[in-house]
**Student:** 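Shown below is the structure under consideration.
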Amino acid sequence: MATLLAGTMLSGIAHAQTTPAQPAPTAPVQVAPVAPPQEVRTIRSLRVEGSQRIEPETVLSYTRLRTGETYTNESIDQAIKDLLASDLLADVSIEGVETGDLVIRIRENPVINRVIFEGNKRLKQDKIQKEVKLAPRQIFTRTAVRADIARIIELYRRQGRFAATVEPKMVSLDQNRVDVIFEINEGPKSKVRQINIIGNEVFSDDKLRGEMATKTANLWHLMSSNTSYDQDRLAYDQQKLRQFYLTNGYADFRVISAVAELTPDKKDFIITYVVEEGPRYKFGPVTVDSGIRDFDEKKLAAALPIKEGQWYNAKAVEDTVEQLSETAGAFGYAFANVQPDFQRDRDALTMGINFNIGETNRTYIERIDITGNRVTQDKVIRREFRVAEGDAFNTFLVKRSQDRINSLGYFQDKFEIERKEGSSPDRIVLAANVEEKPNGELTLSAGFSSLERFILQAAIRQRNFRGMGQTLSASVDYSSYSKSVELGFTEPYLFDTNIALGGTIFRRDYNAFNYIGSDRNTTYSQVSTGFQLVAGMPLTEYWTVSGRYTLMQDDVSLDKSSFYSDIDGDGTLECDPLKAGRYYCEAVGKRLTSLLGVSLIYDSLNSRLRPTRGQRMSAGVDFAGLGGDVRYLRARFDGDKYWNVGKGFIFSLSAEGGYIHSLEGDKGPGIDPVRITDRFYLGEPQFRGFDIRGVGPRVQRFSYTGDPLAGTQMLITDRDQIMDDALGGKAYYLAKAELEIPLGAGAAEMGLRPSIFVQAGGLFGITRPGKTIEFQQLTDSSGNPVFNADGSPTLLPKDNFIKDADGNQLFIFTDPTTGAQASTPCSVGFGTTTANCVGTSINTIYNVPTQPFFERFVGDSARPRLSVGFGVNWNSPFGPLRIDVAKALLHDKGDDTKLVTFNVGTQF
C-alpha cells in the first residue's frame, strides 16, 4: 500500500511538470504508518495455575494453545476470550508470552451454595424455582444471573405486575462458595385503566367491551380477576371480537391493530383497538354434497339449522359441521370429514355454503384401551361402555358411554373418550385415559343450621370399595332435634349382572316441634329402627325398575312432664289433649311398618353428581300392610330437567308430588286415618322462603285475655303467644325453576356456585281435626251468640270438677278459725271420707275451670304458594355451605315464612 501511495504521488508530480502551470491550493500529503510484522514464537511449555475443581486439561481444551505450536499476541488474546466465554472462570491472565513458557493463571467462578428469594409474596417460592436455572452446586456466572432475573420479571409480567424489579446480591463464603440472593420488589398489579375502540359504528364501545375477557379496573369489576393486563388475554380478546362480529353476520371484520400502552407510572395499561367492521352478510344457498352413499343430500340440507336468507352466523356454521359429523358418526362413519365451502357474493352481500362430506369407510371399533386406573378394576369401566370391540362405531353410544363413566364420580371432571385411528382405515380405537380421584370420604364436622341448630356429624364412605364400584358407608349425626346412626352397602352389578342390590340398617331419633312465637318447643319424639333392601334392574339404556322392602319399628312418645295429666283423677297419667292436642295424643304408641315399594326411573343425565343437561324422572308406589300395624298406599313422582344455555349458565326445572291413602278403617269424626307420622310435610329446606314445616294444614291456638262476662274478652294475637302445630298433609306438589350463574375462574376454584330460583308448591288434604275441647259460647237474652269486639266468639271457661281416686266429687273446706283450705269429699263439714264428715260448714264444689282458648284450623288448601330468591353453594373449608335468601310472594293463612336460611357442616 505504501508503494501504491508513492507511485500515485510521483505520478501527480510528473503530471504537474508537463502541464501548464495553474494556480492550485497546496495541501500536505499524509502517509499511513506501516504496521510492523507480528513476531511469531513457539510455545516451549504450557501449564495452568489456580485451578481448584477444574482439571488443567479441561481448561486447556477451551483454547487452541498447544506445546510446540506457534503463537502470536493475537492468539493469546483469543485464548483469554475463549476461556472467559466458557462461564467457568471469573478471571484469566497469561504470563510468559515473551519467553514461550506460558502460564495460564485462572480464578474459578464460585460454586452456588444456596439460591434465596426475598420479597416474593404473590408468587410462591416453588413456582419461581421451577423457572430459574441457577441451583445449588452449580457454577455461578453473571450471565446466568442476568438470565434468571429476566425469567423472574417475566413471571411477574404474566401476573400483570409490570413494575416488578429484581436486585441480585452475592454473599461470598469459604471454599469459593456463594449464596445468591434475589431481592424482589413485586410492585402493584398493573390494571387495565381504559379500553378504547376505534372504527366501530354498528356496535357501541360498551357492547364490545362486554364481549371481551379483559375488564377495566373499576367498582363494577371489583371481584373480577380479569382487570389485570395479560398479553395472552389481549390476543384472546381479539379472537372474541372477531367471533362476535362473525356470529352477527360481519364476515369481513378484522382487527387492524391492538396496542397496549403502559402508563408512565407503570401502574396501568391503556388498550386501544382499531377495527374495521365491513358490511353485513346473509346466508346464500345452503347445500350438502355427500361422498357417503347412505346419505340423501337433499334431506340433509333440509334438516340443517341454517337457512338461506338468515343473517350469516359463523357459530351456526361450526355447529352445523359438528351436527353433520355426529350424524355421520351415528351411522358408523367415525372419520367423516365435513368441510364447508364458502361462496361469498360481495355485491349481493350473501354467503353461500356447500357442506362437503368426504367419502369414507364405515368404521368398526378395533379395541377399547383403558389406562390410568390404578385402583378401579377394568370391568368397572368397561361395563359402562355402550359399545363393544367389534361393533360399528356410533357417536351417540360413545357419548353416552362417556356420560356414564363421568356419572360414576371416580375420575377426573370432564372425562372424555379419545378416538384414535386403528390398524386400518375402517378401524378405530377408543381410549379411556382416566385419572382416579380419592373416592374415600371421611367427614368429621361441626356446624350450625337454621333448621337444626348445632350439628355434629361423623361419616365414612367409600364409593369405589375395593375398586369394584361398590359403595360402603357409615354415618352418625347428632343435632338438637335429630340423631341417627346408619350403615349401608350397595353392589351395583350383582354377580356381574345388571342387577343392583343394596341395603341399609338404621336408627333415627327425631324430635318434632311446634312454635310458640319464635320459640321452638319439642312436641313428640319418634324413634325409628329398621332396615331397607333395594334392588334395581335396567330395562333399557335409560329406563330402570327399582324395588324396595322396608321393615321399621316406630315408637312415638310425648314428654310426660309436659303433656301428661291425671285426667280421670285415678292417679294414672295420660296424654292430655289440652296440653298436647288431640292429634298428637292419637299418634302416641309403638307401630311396626312393613313396606313394599316399586319405582320406575328414567335417567338421561350427563352426570349424577352435577348435571348440566339431560333429565331424570321417577314414579313410585309404596304399599304398607304386608304384615305390621300400619296399612296405607303411597304414590310419589319427581322429575328434573337440565339445559346448558351457554356461557356456563345452567337452567333446570324440577317437579315432585305425592299422595298417601290409608287402607285402615274409619277412626271417628275429626280423626284422619293417616297418622301424623306418615304424612307429607313441606317447608325448609326443600321449599325455600318458608320455615321448617311452614306450609300446609296446621292448628293455631289463641288464648284470651279479659273477662267474658264484663265484655272485655279479647283474643291474644301476638305471634309470640300463639301455639302453632303443623299437621302435615296427604297430598303435596312442589315445582322449581333455577338458573345457575357462572363466575370467574377464581370464584369457580373456590367452589362458589350462585343461582336464582322461583318455587311453587302446596300441601293439603287431611280431615279437619275436631276441637280439643268445646267451650260454651255466651249468649244474649234472646239466645243469640255473643262475639267480642275483635270478632272472636265470647267463650266461657269450662268447668272441670275434681274427683278423688274413688270417683267422689271433691269440695273445698275453709277452716273458720285459721282460714286454711283443704279438699274433702264432704259437701258439709270436713272428713277424709263421706262416712266421717264432721261439722256444719257448707263447702264449695272443687272446680278448676279450663280457661277458654280459640283453635283455628288453617292452611289446608291446594292453592300454590310462591317464592323467589337467590342462593349460593360454597365448598368451604368447614364443609358444604348453602345460603339462600328467598321471599314468599304467595302464602296462605297460617304459613310460616322465612327470609334467610343457611346450613354449614352438612347437607340436607
Side-chain angles (χ1 to χ4, degrees), residues 303 305 319 322-323 325-332 334 365 368 380-388 391-417 419 430 432 434 463 469 471 490 492-493 497-500 502 534-548 598-621 635-657 734-740 742 753 755 757:
D319 293 343
E322 184 177 352
Q323 177 184 328
S325 298
E326 289 186 356
T327 301
F331 283 87
I365 299 172
I368 298 174
V380 173
I381 303 173
R382 288 187 183 276
R383 65 195 182 194
E384 301 300 329
F385 273 87
R386 303 296 95 182
V387 291
D391 289 352
F393 177 82
N394 187 302
T395 305
F396 173 77
L397 294 180
V398 172
K399 186 70 172 68
R400 178 60 182 165
S401 304
Q402 181 175 296
D403 290 343
R404 289 179 65 94
I405 295 173
N406 271 317
S407 292
L408 292 175
Y410 305 158
F411 311 112
Q412 76 271 25
D413 296 335
K414 298 181 180 179
F415 159 81
E416 292 185 359
I417 297 174
R419 308 172 190 179
L430 300 181
V434 299
R463 292 185 293 111
T471 300
T490 302
Y493 285 82
T497 64
N498 277 339
I499 298 175
V534 180
M537 181 179 67
L539 302 177
T540 66
E541 176 60 27
Y542 298 109
W543 289 97
T544 302
V545 63
S546 173
R548 56 192 168 274
V598 63
S599 294
L600 185 63
I601 303 166
Y602 176 86
D603 189 348
S604 64
L605 297 178
N606 66 332
S607 172
R608 295 188 185 98
L609 302 177
R610 190 183 169 192
T612 57
R613 58 179 171 80
Q615 59 189 5
R616 186 184 187 278
M617 296 182 293
S618 173
V621 177
R636 297 189 70 170
F637 166 83
D638 66 85
D640 304 279
K641 186 169 179 61
Y642 295 84
W643 293 270
N644 189 337
V645 293
K647 296 186 177 180
F649 288 89
I650 307 298
F651 179 70
S652 63
L653 289 176
S654 303
E656 61 176 287
L734 181 64
K736 178 184 68 174
E738 188 163 9
L739 180 66
E740 187 175 311
R753 292 186 292 118
S755 63
F757 56 84

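Worth saying up front: this structure is predicted, and the values here are computed from it rather than measured. Heavy-atom basis, side chains included; hydrogens, waters and symmetry copies ignored.
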**Student:** Given the rule in the side chain to side chain donor-acceptor pair (under 3.5 Å) test, do R636 and S599 qualify, once you have shown the distances and angles that lead to the verdict?
**Tutor:** CA-CA 9 Å; R636 297 189 70 170; S599 294; over 6 Å; no
**Student:** Is there a donor-acceptor contact under 3.5 Å from the side chain of S604 to the main chain of Q615?
**Tutor:** yes
**Student:** Measure from the side-chain N and O atoms of E740 to the backbone N and O of I650, and report whether any donor-acceptor pair falls under 3.5 Å.
**Tutor:** no
**Student:** Please report the closest heavy-atom contact between D603 and R400, naming both atoms and the distance.
**Tutor:** O-NH2, 3.4 Å
**Student:** Sequence neighbours excluded, which residues qualify as side-chain hydrogen bond (donor to acceptor under 3.5 Å, both in side chains) partners of N644?
**Tutor:** none
**Student:** Which heavy atom of T395 sits nearest to which heavy atom of E326, and what is that distance?
**Tutor:** OG1-O, 3.7 Å
**Student:** Nearest 0.5 Å please: distance from the CD atom of Q402 over to the CZ atom of F385.
**Tutor:** 9.0 Å
**Student:** Has F331 got more than 12 heavy atoms of other residues, nucleotides or ligands less than 6.0 Å from its CZ?
**Tutor:** no
**Student:** Is I499 close to Y493 at the side-chain level, that is, under 4.5 Å between some pair of heavy atoms?
**Tutor:** no
**Student:** Would you indicate whether the side-chain heavy atoms of R383 and P492 approach each other to under 4.5 Å?
**Tutor:** yes
**Student:** How long is the span from the OH atom in Y542 to the CG atom in L605, to the nearest 0.5 Å?
**Tutor:** 10.5 Å
**Student:** Give, for atom OG1 of T540 and atom OH of Y602, the distance between the pair rounded to the nearest 0.5 Å.
**Tutor:** 8.0 Å
**Student:** Whether the side chain of Y642 engages the backbone of R610 through a donor-acceptor N/O pair (distance < 3.5 Å, no angle test) should be reported.
**Tutor:** no
**Student:** If you take all heavy atoms of R548 and G620, which pair is closest and at what distance?
**Tutor:** NH2-CA, 4.3 Å
**Student:** Contact between L430 and V387 at the side-chain level, heavy atoms closer than 4.5 Å - yes or no?
**Tutor:** yes
**Student:** Does G469 offer a backbone N or O that forms a donor-acceptor pair with the side chain of Y410 under 3.5 Å?
**Tutor:** yes
**Student:** Quick check: closest heavy atoms across I365 and F393, and the distance to 0.1 Å?
**Tutor:** CG1-CA, 4.3 Å
**Student:** Salt bridge (charged side-chain N to carboxylate O under 4.0 Å, His left out) with R386: which residues, sequence neighbours excluded?
**Tutor:** E541
**Student:** When rounded to the nearest 0.5 angstrom, what is the spacing between OG1 in T544 and CZ in R616?
**Tutor:** 8.5 Å
**Student:** Can you check whether D403 reaches R613 side chain to side chain, under 4.5 Å on heavy atoms?
**Tutor:** yes
**Student:** Check whether any side-chain N or O of N394 sits under 3.5 Å from a backbone N or O of A330 as a donor-acceptor pair, and report yes or no.
**Tutor:** yes
**Student:** Enter the distance from R463:CZ to T490:OG1 here, rounded to the nearest 0.5 Å.
**Tutor:** 12.5 Å
**Student:** Mind checking side-chain hydrogen bond (donor to acceptor under 3.5 Å, both in side chains) for N606 and listing every partner two or more places apart, or none if nothing turns up?
**Tutor:** T612
**Student:** Take E738 and S755, measure what side chain to side chain donor-acceptor pair (under 3.5 Å) needs, and give me the verdict at the end.
**Tutor:** CA-CA 7 Å; E738 188 163 9; S755 63; 2.6 Å; yes
**Student:** Yes or no on side chain to side chain contact (heavy atoms under 4.5 Å, CB included) for S546 and V534, after CA distance, side-chain angles and deciding distance?
**Tutor:** CA-CA 7 Å; S546 173; V534 180; 3.8 Å; yes
**Student:** I need the I368 CD1 to I417 CD1 distance, nearest 0.5 Å.
**Tutor:** 8.0 Å
**Student:** Check step by step if side chain to side chain contact (heavy atoms under 4.5 Å, CB included) holds for I601 and W543.
**Tutor:** CA-CA 6 Å; I601 303 166; W543 289 97; over 6 Å; no
